[in-house]
Number of protein chains: 2
Amino acid sequence: MANAREKEQFLQYLRGRGQRVTGERLALFEEIFSQHGHIDAEELLAAMKARGLKISRATVYRNLDLLVESGLARKQRLGSRGFLYEHVHFGQQHDHLVCTGCGRVVEFVSLGIAALQGEICRAHGFVPTRHTLQIAGLCNRCAEASAASDTAQSRGEVPAHV
Amino acid sequence: MANAREKEQFLQYLRGRGQRVTGERLALFEEIFSQHGHIDAEELLAAMKARGLKISRATVYRNLDLLVESGLARKQRLGSRGFLYEHVHFGQQHDHLVCTGCGRVVEFVSLGIAALQGEICRAHGFVPTRHTLQIAGLCNRCAEASAASDTAQSRGEVPAHV
DNA sequence: CAGATTGTTGAGACGAAATCTCAATAAGGA
DNA sequence: TCCTTATTGAGATTTCGTCTCAACAATCTG
C-alpha cells in the first residue's frame, strides 16, 4: 500500500493520545488518501456514502480535523466559501494557483518564496507554524477564452489590482 | 480630506456604471477609510449604528462587496471564521502575519516574493488578478510567553508542521 | 472471554455568517 | 416636480459547521 507510512503515523498518533482506532477513522483516512486533489467535507461525506459506508456528517468533520491535527491533512479556504482538505505526503508544503474562471487549482512549490518568508518572520520575531499562499486569476485556458471575447472592459468587470 | 482621491475614484466607479451615490454608500466609505486596521462586516455595522446612522446589515454587506469590486477595499479571511475588510491606498498590496496566540495582525510587504509570484504565474501561463499570503504563528510577545511555561509538549499540543 | 470503562458515533438541534426576497423608498434625469 | 428604476430595510433563508446526548463499541482488566 502506498500510504503505509502515513497510515502508521496516523495509528501512532491515535494510540499515543489514547484515542481509538475506529472503522470510520480508517475509512476516512483511506478516502482522503485515495483522492488526488482538494476535497471538501460534503463531497467526502457523499463519497463515503457512495461507497456504501454509513457515516454521519459530524463524524466526517470531527475526523477531518483530527487528520489535520495529526499533520496528515491540510485544511484551507481555496474558494470563496467553505474549507477544502488535501492529504499531505511527508509535510510536502505547496501553494496554490486558483482559476477564477473554471475553478481549477494548480499546485506549485517555491523554495525562493519559502526562504523569503523565513526572513520576514525572523525580522519580526515571529515564529511561524504554517502559511497560506494563493494566487487567484485566470489559467491559460480561461485567459485565452476571455481574450477572444474581449468586451469584458466595457461590461464593467472588476479591474485587476495585483 | 485625506481620502479625496479614493473618494473620487469611488464616485467615478459608481457613475461609470450608472449606480447611485447614496448616503449609505458614502457613510460606509467614510467609515472604512477612517479605520486603520482590519474590520469585519458586523463591527462595521455596529460602528455605523454607534455613529447614529441607521443602516441595515444587508446594505453593509452589499456595499462592502461594491467597495471590493471598485478596488478600494480588500476582503480576506484572516482568522478562522468570517471575512475581514481593509481599505486600500492606491493598490498598495501587502501580506499578513497572523498571531494564533493573541490574534494580532502584522502587515508586511515583500517585493522579492511579489517578483517570484510573477515568475510562477508566467511559468504556468496564469494571469493573476490578486493574491493572498498569510503566515500564521506566534508573534514575539506570545512566543516568549509560551517559551516560559514550556510544558506544552507534554500536554499533547499540535506539533507545528511548517 | 466477560464485564467494565470510556472514547466515539449518529441524528438532529443549534449557531454564525452571509445572502436573498420584495415592498417601500429615494437618487438622478427629464 | 414627476418618472423611472436602483437601492434600501427587515426578516426569512441558505450555507457551513459545531454541539448535544443517548446509544454504541474499542480497549483494558481480571
Side-chain angles (χ1 to χ4, degrees), chain A residues 7 10-29 31-32 38-49 51-70 73-85 103 155-156, chain B residues 10-29 31-32 38-49 51-70 73-85 103 156:
Chain A
K7 188 163 190 171
F10 186 39
L11 296 184
Q12 288 197 3
Y13 179 80
L14 290 175
R15 290 179 184 134
R17 301 173 45 127
Q19 293 186 281
R20 293 174 181 174
V21 179
T22 66
E24 288 83 355
R25 286 182 176 161
L26 292 178
L28 200 64
F29 174 92
E31 186 61 43
I32 201 171
H38 310 78
I39 187 169
D40 73 28
E42 298 297 326
E43 287 170 340
L44 214 30
L45 179 60
M48 312 266 309
K49 297 221 158 155
R51 280 192 182 198
L53 301 164
K54 54 190 295 286
I55 186 168
S56 78
R57 180 189 321 282
T59 298
V60 169
Y61 278 96
R62 279 187 294 234
N63 288 326
L64 238 16
D65 286 340
L66 188 65
L67 280 166
V68 171
E69 283 166 31
S70 75
R74 283 182 83 198
K75 177 181 186 179
Q76 276 188 289
R77 301 210 185 248
L78 290 181
S80 58
R81 44 150 107 302
F83 290 101
L84 292 184
Y85 294 84
R155 288 206 318 275
Chain B
F10 186 39
L11 296 183
Q12 288 197 3
Y13 180 81
L14 290 175
R15 289 179 185 133
R17 301 172 45 128
Q19 292 187 281
R20 292 174 183 174
V21 178
T22 67
E24 289 83 355
R25 285 181 179 162
L26 292 178
L28 200 65
F29 174 91
E31 185 61 45
I32 199 169
H38 309 80
I39 188 169
D40 73 28
E42 296 298 324
E43 287 169 340
L44 215 29
L45 178 61
M48 311 267 310
K49 297 221 157 155
R51 280 194 181 195
L53 302 164
K54 53 190 295 285
I55 185 168
S56 76
R57 182 189 322 284
T59 298
V60 170
Y61 278 96
R62 281 186 292 234
N63 287 328
L64 237 17
D65 286 341
L66 188 64
L67 280 167
V68 171
E69 283 166 33
S70 74
R74 283 180 84 198
K75 177 181 185 179
Q76 275 187 289
R77 300 207 186 252
L78 290 180
S80 57
R81 45 150 109 300
F83 290 100
L84 292 183
Y85 294 82

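Order of the sequence lines sets the chain letters (A, B, ...), proteins ahead of strands, with each chain counted from 1. Values reported hereafter were calculated over all heavy atoms of this structure, with side chains retained and with hydrogens, waters and symmetry mates removed.
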Q: Whether B:Thr59 contacts D:dG9 is assessed here as follows: a side-chain N or O lying under 4.0 Å from the phosphate OP1 or OP2. Is that the case?
A: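 Indeed, a polar side-chain atom of B:Thr59 lies that close.
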
Q: Do you know which two heavy atoms are closest between B:Glu69 and B:Tyr13, and how far apart they sit?
A: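 Closest approach of B:Glu69 to B:Tyr13, heavy atoms only: CB-OH, 3.4 Å.
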
Q: Within this structure, what is the CG-to-P distance between A:Leu64 and C:dT9, rounded to whole angstrom?
A: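 These atoms are roughly 12 Å apart.
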
Q: Ignoring backbone atoms, establish whether A:Thr22 has a side-chain N or O less than 4.0 Å from OP1 or OP2 of C:dT9.
A: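 A:Thr22 to C:dT9 OP1/OP2: side-chain N or O found under 4.0 Å.
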
Q: Between D:dC19, C:dT9, D:dA6, which nucleotide gets closest to the side-chain atoms of B:Arg20?
A: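 Of the options given, the side chain of B:Arg20 lies nearest D:dA6.
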
Q: For A:Arg25, report the nucleic acid contact type (base, sugar-phosphate, nothing); a contact means any heavy atom under 4.0 Å.
A: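 Sugar-phosphate contact only.
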
Q: Tell me which nucleotide among D:dA10, D:dA25, D:dT18 gets nearest to the side chain of A:Asp65.
A: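 Within the option list, the nearest is D:dT18.
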
Q: Once you round it to whole Å, what is the distance between P of C:dT6 and CZ of A:Arg17?
A: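 Those two atoms, CZ and P, are 18 Å apart.
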
Q: Within the 3.5 Å criterion, strictly below it, is a donor on B:Tyr61 or B:Arg57 matched to an acceptor on the partner's side chain?
A: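 No, no side-chain donor-acceptor contact under 3.5 Å.
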
Q: What is the separation between atom CG on B:Leu84 and atom C1' on C:dA18, rounded to the nearest whole Å?
A: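 Roughly 14 Å, once rounded to whole Å.
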
Q: Tell me whether the guanidinium CZ or amine NZ of B:Lys75 lies under 6.0 angstrom from the six-membered ring centre of B:Tyr85 and within 45° of its axis.
A: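 No cation-pi geometry.
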
Q: At less than 4.0 Å, is any side-chain N or O atom of B:Asn63 found next to OP1 or OP2 of D:dT7? Yes or no.
A: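 No.
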
Q: Without decimals, in angstroms, what is the distance between A:Arg77 CZ and D:dT15 C1'?
A: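 So the CZ-C1' distance, A:Arg77 to D:dT15, works out to 12 Å.
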
Q: Measure from the side chain of A:Lys75, starting at C-beta and using heavy atoms only, and say which of D:dT18, D:dA10, C:dG7 lies closest.
A: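 Between D:dT18, D:dA10, C:dG7, the one nearest the side chain of A:Lys75 would be D:dT18.
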
Q: Side chain of B:Arg77, backbone of B:Leu84: donor and acceptor closer than 3.5 Å?
A: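 No, because the side chain of B:Arg77 does not come within donor-acceptor range (under 3.5 Å) of the backbone of B:Leu84.
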
Q: Roughly how far, to the nearest 0.5 Å, is the CZ atom of A:Phe10 from the CZ atom of A:Arg25?
A: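 Between A:Arg25 CZ and A:Phe10 CZ, I get 6.5 Å after rounding to 0.5 Å.
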
Q: Does C:dT19 have OP1 or OP2 sitting under 4.0 Å from an N or O in the side chain of B:Tyr61?
A: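 Result: no.
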
Q: Could you state the atom-to-atom distance from NZ of A:Lys54 to P of C:dT9 in whole Å?
A: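 So the NZ-P distance, A:Lys54 to C:dT9, works out to 12 Å.
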
Q: What is the distance, rounded to the nearest whole Å, between atom CD of B:Gln76 and atom P of C:dA17?
A: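 B:Gln76 atom CD is separated from C:dA17 atom P by 18 Å.
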
Q: Please report the distance, rounded to the nearest Å, between CG in B:Leu45 and P in D:dG9.
A: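 In whole Å, D:dG9 P lies 10 Å from B:Leu45 CG.
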
Q: Grab the CZ-C1' distance between B:Arg57 and C:dA16 for me, whole Å please.
A: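 About 10 Å, once rounded to whole Å.
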
Q: Base, sugar-phosphate or nothing for B:Glu24? Non-hydrogen atoms, less than 4.0 Å.
A: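 Contact class for B:Glu24: sugar-phosphate only.
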
Q: Look at the side chain of B:Arg62 and the base of D:dG9, then say whether one donor and one acceptor between them are separated by less than 3.5 Å.
A: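 Under the 3.5 Å cut-off, the side chain and the base do form a donor-acceptor pair.
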
Q: Rounded at 0.5 Å granularity, tell me how far NZ in A:Lys49 sits from OG in A:Ser56.
A: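 Going from NZ on A:Lys49 over to OG on A:Ser56, the span is 7.5 Å.
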
Q: If you assign each of A:Lys49 and A:Leu14 to its closest nucleotide in DNA chain C, which residue comes earlier from the 5' end?
A: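 It is A:Leu14, whose closest nucleotide lies nearer the 5' terminus.
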
Q: Of the nucleotides C:dG7, D:dA10, C:dG10, which has the atom closest to the A:Ser56 side chain?
A: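 Per side-chain heavy atoms of A:Ser56, the pick is C:dG10.
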
Q: Would you work out how much the helix from C:dC1-D:dG30 to C:dA30-D:dT1 bends between its ends, with each end axis defined by five base pairs, to 10 degrees?
A: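 Computed angle between terminal axes is 30°.
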
Q: Quick one: label B:Gln19 by what it contacts on the DNA or RNA (base, sugar-phosphate, nothing), any heavy atom closer than 4.0 Å.
A: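 The residue B:Gln19 makes sugar-phosphate contact but no base contact.
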
Q: Distance check, rounded to the nearest 0.5 Å: A:Leu64 atom CG versus A:Asp40 atom CG?
A: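 Answer for the CG-CG pair, A:Leu64 versus A:Asp40, is 9.5 Å.
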
Q: Would the distance check show the side chain of B:Asn63 and the main-chain N or O of B:Leu66 forming a donor-acceptor pair, the cut-off being under 3.5 Å?
A: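 No: the side chain of B:Asn63 does not pair with the backbone of B:Leu66.
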
